[in-house]
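Everything numeric here is computed off the predicted structure, so don't read it as measured data.
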Amino acid sequence: MTFLRTTLLAGAATAALAGSACAEGTIAYFASTSQNGFNLATFEGVQEVAAARGYEAEMIDGQFDATVQYGQIEDALASGKYVGMIVAPNDSVGVAGAFEQVVAEGIPVGAVLFPIGPDLNTLEPQVDGITVTAASLPVPGATSQAEDVVEHCADKDPCNVVIIIGAKIFPFDNLRLETFQQVLGEEENIDVVAVGEGWYAPDPSLQAMTDILQANPDVDVVLSNADQHLVGVEIALEAAGIDISDVYLSGGGAAAIAIDAIREGRWNATLAYFPKTMGALAMEQIANAIEGKPVNGMINMDESGPIEAMIDAEVLEANPDFAGEWEQ
């Protein structure tokens with residue numbers, strides 16, 4: 001796989017020098033929530049490119065609530081305040097109607113993290129007129145994570161795996177969970193002994209893992225889709241008297257804390273989502289659309305980050321300057 005390093009500053013500087021008369025106004029970034037580092041890092045990327053291109057940027061807190069976020073997009077559209085919109089969706093299917101309203105008004109609108117529409121595993125537009133989708137597709141990423149666990153478990157029988165997913169109410173987390181279970185289920189030596197929900201935060205992950213360990217004290221692997229989960233998992237393992245070095249810990253997001261933990265040898269792997277780069281790339285395309293410039297409407301974040309998406313100690317050794325793009 002070829003991994004692309006996008007030169008954001010050069011592109012932004014060129015656009016700024018062009019001095020387009022259309023390069024002004026405010027971009028709305030609809031965060032799934034403003035209460036976690038991933039969304040804040042995405043907004044940071046949006047802000048940096050917006051400022052370089054001559055725009056203001058404003059974050060609107062979706063409160064991890066699909067209904068709230070849908071109404072916020074409608075209210076923002078009715079206000080006439082925004083010349084472009086970028087959405088980190090809480091419901092990638094249900095929010096499609098709001099996108100259609102924005103497109104109908106001729107306002108460039110893009111999605112980050114997940115595609116908009118019923119198929120979460122395509123970057124092809126499912127809403128006519130959507131400007132850009134900058135996303136990591138759930139199934140390929142989850143497949144990479146699960147295959148990494150299969151490789152680790154190759155010489156262990158049984159290999160007891162705990163899965164900590166975000167929340168089963170989210171379609172994208174169900175896809176990841178199904179993918180984890182399908183890939184791991186094909187291996188006779190791997191037993192998925194429990195599945196917990198971490199809700200993208202350390203505290204519920206700590207509680208979930210504590211409960212799991214009471215019934216399943218023999219754990220070889222914890223596979224998760226979020227680094228925040230592993231923070232709680234690590235505390236639970238230590239509280240149970242389990243040596244962290246004996247458990248293979250695989251998270252998701254490539255948060256700074258995960259990068260440090262992998263370098264220190266406490267954790268083993270993380271699937272990167274590169275939120276700051278993602279926000280920046282999406283903002284570039286929104287600005288291009290506003291200014292009548294060519295637009296790249298499909299950005300695969302598994303291929304567009306600064307380093308390889310599946311990160312382990314070997315990858316970090318080859319990229320000593322990488323620090324992670326967000327705080328958990």
Side-chain angles (χ1 to χ4, degrees), residues 6 8 11-12 15 18 20-32 39 42-43 45-47 49-50 53-60 62 66-138 171-172 275 277-304:
T6 304
L8 296 174
S20 169
C22 296
E24 60 182 18
T26 303
I27 308 298
Y29 168 60
F30 297 89
S32 56
N39 277 267
T42 305
F43 183 54
V46 171
Q47 280 183 304
V49 173
R53 298 285 291 261
Y55 301 91
E56 300 290 332
E58 179 181 324
M59 181 166 61
I60 299 170
T67 302
V68 167
Q69 188 176 65
Y70 196 107
Q72 289 171 336
I73 296 171
E74 289 186 319
D75 290 345
L77 181 61
S79 74
K81 177 180 178 181
Y82 304 102
V83 298
M85 299 182 184
I86 298 172
V87 182
N90 282 319
D91 179 355
S92 55
V93 178
V95 79
F99 269 70
E100 290 170 353
Q101 295 178 50
V102 177
V103 169
E105 292 297 321
I107 295 174
V109 59
V112 291
L113 190 57
F114 299 112
I116 303 303
D119 188 349
L120 286 167
N121 279 300
T122 181
L123 293 173
E124 293 285 345
Q126 298 170 67
V127 175
D128 289 340
I130 190 171
T131 304
V132 59
T133 300
S136 299
L137 303 180
F172 42 84
T277 299
M278 182 174 64
L281 291 172
M283 181 61 224
E284 273 197 336
Q285 304 314 312
I286 293 295
N288 286 347
I290 294 169
E291 298 164 23
K293 298 175 180 177
V295 171
N296 176 10
M298 296 181 289
I299 300 173
N300 187 336
M301 292 309 304
D302 288 343
E303 301 174 354
S304 301

Tell me the closest heavy-atom pair linking Ala88 and Gln69, and the distance in Å. O-NE2, 3.0 Å

Using 0.5 Å steps for rounding, measure from the OG atom of Ser92 to the CG atom of Asp119. 10.0 Å

Taking Tyr55 as the fixed residue, which of Thr26, Val83, Val46 is the one that meets the side-chain contact (heavy atoms from CB on, under 4.5 Å) rule? Val83

If I compare all heavy atoms of Ile299 with all of Ser304, which pair ends up nearest, and what's the gap? CG2-OG, 3.6 Å

Reported CD1-to-OH distance for the pair Ile73 and Tyr82, which is rounded to 0.5 angstrom: 12.0 Å

Atom pair CD (Glu58) and CZ (Phe43), whose distance is rounded to the nearest 0.5 Å: 7.5 Å

To the closest 0.5 Å, what do you measure between CG (Asp302) and OG (Ser136)? 4.5 Å

Indicate yes or no: at least one non-hydrogen side-chain atom of Phe99 is less than 4.5 angstrom from one of Ile130. yes

Could you go through the side-chain contact (heavy atoms from CB on, under 4.5 Å) check for Thr133 and Ile116 one step at a time? CA-CA 8 Å; Thr133 300; Ile116 303 303; 5.8 Å; no

Got Asp128 and Val103 here, is their nearest side-chain heavy-atom distance under 4.5 Å? no

A quick test of your reading: do over 12 heavy atoms of other residues, nucleotides or ligands sit less than 6.0 Å from CD of Glu56? no

Are the side chains of Ile290 and Ile27 in touch, meaning some heavy atoms are under 4.5 Å apart? yes

Can a donor-acceptor pair be found between the side chains of Gln47 and Tyr29 at a distance below 3.5 Å? no

Counting only N and O atoms by type, is there a donor-acceptor contact under 3.5 Å from the side chain of Gln285 to the main-chain atoms of Asn296? yes

Check Met283 against Ala50 and note the closest heavy-atom contact, atom names and distance. CG-N, 3.6 Å

Just wondering, do Asn288 and Arg53 contact through their side chains at under 4.5 Å, heavy atoms? yes

Nearest-0.5 Å distance, CD1 of residue Ile286 to CD1 of residue Ile107: 10.5 Å

Can you find a heavy atom in the side chain of Leu123 that is under 4.5 Å from one in the side chain of Leu137? yes

Quick check: closest heavy atoms across Asp91 and Gly94, and the distance to 0.1 Å? OD1-N, 2.9 Å

Met301 side chain near Val112 side chain, heavy-atom distance below 4.5 Å: no

Gap between atom OG1 of Thr131 and atom CD1 of Ile86 - 0.5 Å precision: 9.5 Å

Within the structure provided, determine whether Asn121 and Pro138 are in side-chain contact (heavy-atom separation under 4.5 Å). yes

